[in-house]
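Predicted model, so just to flag it, every value in this text is computed and none were measured.
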Amino acid sequence: MDMFSRATGAWFLIALLVLATVLPANRVWAGEGGTAETRGHAASSQIAANHLAGPGPVEMIIDGLVVRPLSLVMTVLGTVAFVATVPFSALGGNVGQAAETLVVGPAAYTFTRCLGCWRPHYEEAAEG
């Protein structure tokens, strides 16, 4: 029974992550902005403006509670894989590429991006 509840919890988190990625939090969908005619059926310019404004609270919560912990796990697993395969990478002459792919990339994704910024246009909005 305990194994079933763990599997259910894992599938719930995966489904939540997929939904957060596929259905972005949009302030226009929530009824903010626009006229009575455009609320809920916003024009594409309003949707684009909201996407460029940065991540919403739902995306920040999901990022902080689900995506960041999973990214941290992937960073640790990538580090372990890098250490285990560094002799083979050295023989192949691609230690730097292996380090970038297995350690640096996941670590940067985990620690250096803004909260809720897992889409490239959010990074641009946060910088500019």
Side-chain angles (χ1 to χ4, degrees):
M1 190 75 170
D2 186 40
M3 182 65 127
F4 179 74
S5 63
R6 285 185 189 166
T8 303
W11 281 110
F12 175 75
L13 289 177
I14 291 170
L16 187 64
L17 178 61
V18 168
L19 283 175
T21 304
V22 174
L23 300 172
N26 190 333
R27 290 174 194 92
V28 173
W29 289 357
E32 296 178 23
T35 64
E37 293 84 26
T38 61
R39 278 190 203 122
H41 304 288
S44 61
S45 61
Q46 288 176 320
I47 292 172
N50 284 334
H51 282 296
L52 292 177
V58 173
E59 290 170 315
M60 288 183 176
I61 291 169
I62 291 171
D63 188 22
L65 297 178
V66 178
V67 177
R68 296 288 174 130
L70 290 176
S71 298
L72 180 61
V73 168
M74 292 308 295
T75 301
V76 171
L77 291 175
T79 303
V80 170
F82 174 73
V83 170
T85 61
V86 82
F88 306 109
S89 297
L91 290 173
N94 65 340
V95 174
Q97 181 183 8
E100 177 68 33
T101 302
L102 296 174
V103 181
V104 176
Y109 188 78
T110 303
F111 297 111
T112 62
R113 63 184 171 81
C114 69
L115 188 63
C117 295
W118 60 70
R119 296 191 181 125
H121 58 269
Y122 287 155
E123 291 291 334
E124 295 167 5
E127 291 172 1

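Cluster partners of V73 are M74, L77, counting Ile, Leu, Val, Met, Phe, Trp and Tyr whose side-chain heavy atoms approach within less than 4.5 Å, directly or via other members.
Every side chain to side chain contact (heavy atoms under 4.5 Å, CB included) that L72 has, sequence neighbours left out, goes to T110, F111. Take M60 and apply the side chain to side chain contact (heavy atoms under 4.5 Å, CB included) test, not counting sequence neighbours, and it matches P55, L115. Residues passing the side chain to side chain donor-acceptor pair (under 3.5 Å) test with S71, sequence neighbours excluded: none.
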Run the side-chain donor-acceptor check on residues 93-109: report pairs under 3.5 Å with partners two or more places apart or on a different chain.
{"unit_1": "T101", "atom_1": "OG1", "unit_2": "Q97", "atom_2": "O", "d": "3.0"}

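In summary, of the residues considered (V86, V80, T79), a side chain to side chain contact (heavy atoms under 4.5 Å, CB included) with F82 occurs for V86 alone.
Residue pairs that meet the salt bridge (Lys or Arg N to Asp or Glu O under 4.0 Å) test with at least one member in residues 65-74, sequence neighbours left out, are D63-R68.
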